[in-house]
K.L.:
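Here it is: the structure, laid out below.
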Amino acid sequence: MFYEKLRILKEKSLFRTIKDRESTQGPRIKFNNVEYINFSSNDYLGLTNHPIIIEAVRHFLYIYGYGAGASRLLSGGSILHKELEKNIALFKETESALLFNSGYAANIGIIPAITDENTVILSDQLNHASIIDGCRLSKSNTLIYKHKDISHAEELLRTAGKKKKIIATDSVFSMDGDIAPIKELCTLCQKYEAFLYIDDAHATGVLGKGKGSLAHFNIKPDPWIIQMGTFSKAFGSYGAFLVGSENIIQWVTNNARSFIYSTALPSCVIAASIAALKFIENNPAIIEKLWINRNKVANRLQQMGYDIMGSETPIIPLKTGSIENTIRISSHLFNLGIYAPAIRPPTVQEPRIRITITAAHTDEDIERFIEALVKIRV
């Protein structure tokens, strides 16, 4: 049934395969017993293998077992779940929080829960697929504004009339590495009495001394600002969260289908997130190291003449031109011991090599990556 469609994907060099590692996650990983320097992980602070995280998991695994066995509204949650919600709300300086099983589950649950047929959603053109799908699952009219284009967003807001209005945006765009104009979007929301929905997945633990995009822009988390974030990236754990006013949290708890009908995350996973959050709060130097590494790589790439496509964060895309050239560069890097997969449509409109820099990368790792790019260009 799908033979012809698969054949077309292969002809267009858009067919993707899964490559599973034989090692722990980190700056160096193994495939077929060969070690590669990993520039594809969202483990920004290198916490996935940190002893503090592992010990927290080990300790609470013996106390609570592994499987949660039920949803949070039944018996699936432990007191650790409530502790993490309290801690992440304090960290984000909001009234309350609610845990979700993943960033995807959060967005497809929260967005339909906070909207209805009398709502207009304004969604950035380059928002993550989970925001797009959340909008599709809602009963709302969704309008797409040009990427980070405040004038276009305002033009669309004017057409919304008296309907409830929500602007939805990634704070850090996962394939481009640029930052949304959060301050200007807040001004628009105040002018047009709209809510602002921020997917802070790639900003939490990275921007604003780890607190995320609002802290980065020195913006107070007012009740009309709704934030989602994840523990699966800079926190080195798994799961996601919603933070905001107590009213928002209570409403979503009672209406988000992906929360209500999902088995809760295991308590030992929650313990890992609690330990990671505490570590990040007590070790600001690790975030400073991340940015030192990021700026070093970005500066070297630009000096070499590479177009990094407006990146402002540890996500650094390399403009490659064609799909074929993207695959060629990725393959050459792989042959030189560098793992940096080709990113192609439909994930992005324009193919690229997406580099992610972490605090765990050494100077040697960075030099080997730069040297590999030099060899490719020769």
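Position 1 is the first residue of the sequence; numbering continues from there.
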K.L.:
Run the side-chain hydrogen bond (donor to acceptor under 3.5 Å, both in side chains) test on R16 and T347 for me, step by step, so that the C-alpha distance in whole Å, both residues' side-chain angles and the decisive distance to 0.1 Å come before the verdict.
P.N.:
CA-CA 11 Å; R16 291 177 280 191; T347 304; 2.7 Å; yes
K.L.:
Any donor-acceptor pair under 3.5 Å linking the side chain of R354 with the backbone of I343?
P.N.:
no
K.L.:
Provide the closest heavy-atom pair for T313 versus G177 in the form atom of the first, atom of the second, distance.
P.N.:
OG1-O, 2.9 Å
K.L.:
Hey, does the Lys NZ or Arg CZ of K211 hover above the aromatic six-ring of F91, less than 6.0 Å from the centre and inside 45° of the axis?
P.N.:
yes
K.L.:
Taking the six-membered ring for Trp and the single ring otherwise, decide whether the centroids of H147 and F173 are under 6.0 Å apart.
P.N.:
yes
K.L.:
Kindly give the heavy-atom pair with the smallest separation between L207 and W291, and that separation in Å.
P.N.:
CD2-CZ2, 3.6 Å
K.L.:
Using atom types as modelled and distance alone, determine if a side-chain donor or acceptor of D170 lies under 3.5 Å from a backbone N or O of H128.
P.N.:
yes
K.L.:
Is there side-chain contact between L45 and F279, with heavy atoms separated by less than 4.5 Å?
P.N.:
no
K.L.:
Would a 4.5 Å heavy-atom cut-off, applied to side chains only, mark V269 and S237 as touching?
P.N.:
yes
K.L.:
Can you tell me if D199 uses its side chain to pair, donor with acceptor, with the backbone of I131 under 3.5 Å?
P.N.:
no
K.L.:
Within the 4.5 Å heavy-atom criterion, are L99 and R72 side-chain neighbours or not?
P.N.:
yes
K.L.:
What residue among T115, T169, N107 forms side-chain hydrogen bond (donor to acceptor under 3.5 Å, both in side chains) with Y197?
P.N.:
N107
K.L.:
Can L122 and K165 be said to form a side chain to side chain contact (heavy atoms under 4.5 Å, CB included), step by step?
P.N.:
CA-CA 8 Å; L122 273 69; K165 297 171 278 292; 5.6 Å; no
K.L.:
Do the charged groups of R7 and E4 touch, with an N to O distance under 4.0 Å?
P.N.:
yes
K.L.:
If only side-chain N and O atoms count, and only distance matters, is there a donor-acceptor pair under 3.5 Å linking S262 with N101?
P.N.:
no
K.L.:
May I ask you to test the R158-Y192 pair for a side-chain heavy-atom distance under 4.5 Å?
P.N.:
yes
K.L.:
With a cutoff of under 4.5 Å between side-chain heavy atoms, which Ile, Leu, Val, Met, Phe, Trp and Tyr residues group with I132?
P.N.:
none
K.L.:
Any Lys/Arg nitrogen of D116 or K164 sitting under 4.0 Å from an Asp/Glu carboxylate oxygen of the other?
P.N.:
no
K.L.:
For the atom pair CD1 (I8) and NZ (K12), what is the distance rounded to the nearest 0.5 Å?
P.N.:
6.5 Å
K.L.:
Decide yes or no on side chain to side chain contact (heavy atoms under 4.5 Å, CB included) for L73 and T253, but give the supporting numbers first.
P.N.:
CA-CA 9 Å; L73 292 176; T253 300; 4.2 Å; yes
K.L.:
Per the salt bridge (charged side-chain N to carboxylate O under 4.0 Å, His left out) rule, what does the pair list look like for residues 185-197, sequence neighbours excluded?
P.N.:
E154-K191
K.L.:
Between the side chains of S245 and E95, is a donor N or O closer than 3.5 angstrom to an acceptor N or O?
P.N.:
no
K.L.:
Please check: side-chain N/O of D176 versus main-chain N/O of D178, any donor-acceptor pairing under 3.5 Å?
P.N.:
no
K.L.:
For N282, I'd like to know if atom CG has over 12 heavy atoms of other residues, nucleotides or ligands within 6.0 Å.
P.N.:
yes
K.L.:
Tell me whether E85 is salt-bridged to K82, with the criterion being a basic N under 4.0 Å from an acidic carboxylate O.
P.N.:
yes
K.L.:
Around atom OH of Y66, are there more than 12 heavy atoms of other residues, nucleotides or ligands at under 6.0 Å?
P.N.:
no
K.L.:
Taking C-beta and beyond as the side chain, do D200 and L214 meet within less than 4.5 Å on heavy atoms?
P.N.:
no
K.L.:
Step by step, would you call D365 with T362 a side-chain hydrogen bond (donor to acceptor under 3.5 Å, both in side chains)?
P.N.:
CA-CA 5 Å; D365 295 335; T362 65; 3.1 Å; yes
K.L.:
Under a 4.0 Å N-O cut-off, is there an ion pair linking R58 with E55?
P.N.:
yes
K.L.:
Begin from the C-alpha positions of H202 and Y44 and carry the test side-chain hydrogen bond (donor to acceptor under 3.5 Å, both in side chains) through to its verdict.
P.N.:
CA-CA 9 Å; H202 290 274; Y44 295 116; 2.7 Å; yes
K.L.:
Would you mind reporting whether T159 and L143 have side-chain heavy atoms less than 4.5 Å apart?
P.N.:
yes
K.L.:
Check residues 327-338 and write down every donor-acceptor pair under 3.5 Å in which the side-chain atom is one partner and the other belongs to a residue at least two apart or another chain.
P.N.:
{"unit_1": "R328", "atom_1": "NE", "unit_2": "N325", "atom_2": "OD1", "d": "2.9"}
{"unit_1": "R328", "atom_1": "NH2", "unit_2": "N325", "atom_2": "OD1", "d": "2.7"}
{"unit_1": "S330", "atom_1": "OG", "unit_2": "A340", "atom_2": "O", "d": "2.9"}
{"unit_1": "S330", "atom_1": "OG", "unit_2": "A342", "atom_2": "N", "d": "3.4"}
{"unit_1": "S331", "atom_1": "OG", "unit_2": "I327", "atom_2": "O", "d": "2.9"}
{"unit_1": "N335", "atom_1": "ND2", "unit_2": "S331", "atom_2": "O", "d": "3.3"}

K.L.:
Output yes when a side-chain donor or acceptor of T263 lies under 3.5 Å from a complementary backbone atom of G76, and no otherwise.
P.N.:
no
K.L.:
Nearest heavy-atom pair of C135 and I121: which atoms, and what distance?
P.N.:
SG-CG2, 3.8 Å
K.L.:
Which label fits F31 and Y36: parallel for a plane angle under 30°, tilted from 30 to 60°, or perpendicular past 60°?
P.N.:
tilted
K.L.:
Which heavy atom in S78 sits nearest to a heavy atom in S267, and how many Å separate them?
P.N.:
OG-OG, 2.8 Å
K.L.:
Assign the ring pair F241 / F231 to parallel, tilted or perpendicular, where the plane angle (0 to 90°) is split at 30° and 60°.
P.N.:
tilted
K.L.:
Ignoring hydrogens and angles, tell me if any N or O in the side chain of N38 forms a donor-acceptor pair with the backbone of G26 under 3.5 Å.
P.N.:
yes
K.L.:
For atom CD of E11, is the number of surrounding heavy atoms from other residues, nucleotides or ligands below 6.0 Å larger than 12?
P.N.:
yes
K.L.:
Counting only heavy atoms not in W251, do more than 12 sit closer than 6.0 Å to its CH2 atom?
P.N.:
no
K.L.:
S123 side chain to T142 main-chain N or O, any donor-acceptor pair under 3.5 Å?
P.N.:
no
K.L.:
How long is the span from the CD atom in Q125 to the NE2 atom in H152, to the nearest 0.5 Å?
P.N.:
9.0 Å
K.L.:
Might you point out which heavy atoms bring S273 and F235 nearest each other, and give the distance in Å?
P.N.:
O-CD2, 4.2 Å
K.L.:
Do L157 and I167 have side chains that approach each other closer than 4.5 Å (heavy atoms only, starting at C-beta)?
P.N.:
yes
K.L.:
Is there a side chain to side chain contact (heavy atoms under 4.5 Å, CB included) between I248 and L242 once you walk through the steps?
P.N.:
CA-CA 9 Å; I248 284 288; L242 165 69; 4.2 Å; yes
K.L.:
When you check the gap from the basic side-chain N to the acidic O, do E312 and K148 get nearer than 4.0 Å?
P.N.:
yes
K.L.:
Is there side-chain contact between I114 and F195, with heavy atoms separated by less than 4.5 Å?
P.N.:
no
K.L.:
Only one of K30, R28, R21 forms a salt bridge (charged side-chain N to carboxylate O under 4.0 Å, His left out) with E35, so which one is it?
P.N.:
R28
K.L.:
Run the side-chain hydrogen bond (donor to acceptor under 3.5 Å, both in side chains) check on T358 and H361 step by step: do they pass?
P.N.:
CA-CA 6 Å; T358 75; H361 282 123; 3.3 Å; yes
K.L.:
Where do E367 and K296 land on the salt bridge (charged side-chain N to carboxylate O under 4.0 Å, His left out) test, with the steps shown first?
P.N.:
CA-CA 10 Å; E367 287 306 315; K296 186 182 299 181; over 6 Å; no
K.L.:
Which of these, Q227, K92, K233, sits in a side-chain hydrogen bond (donor to acceptor under 3.5 Å, both in side chains) with T204?
P.N.:
K92
K.L.:
Please report the closest heavy-atom contact between A234 and V206, naming both atoms and the distance.
P.N.:
CB-CG2, 4.3 Å
K.L.:
Has the side chain of D307 got a donor or acceptor atom that lies under 3.5 Å from a matching backbone atom of M309?
P.N.:
yes
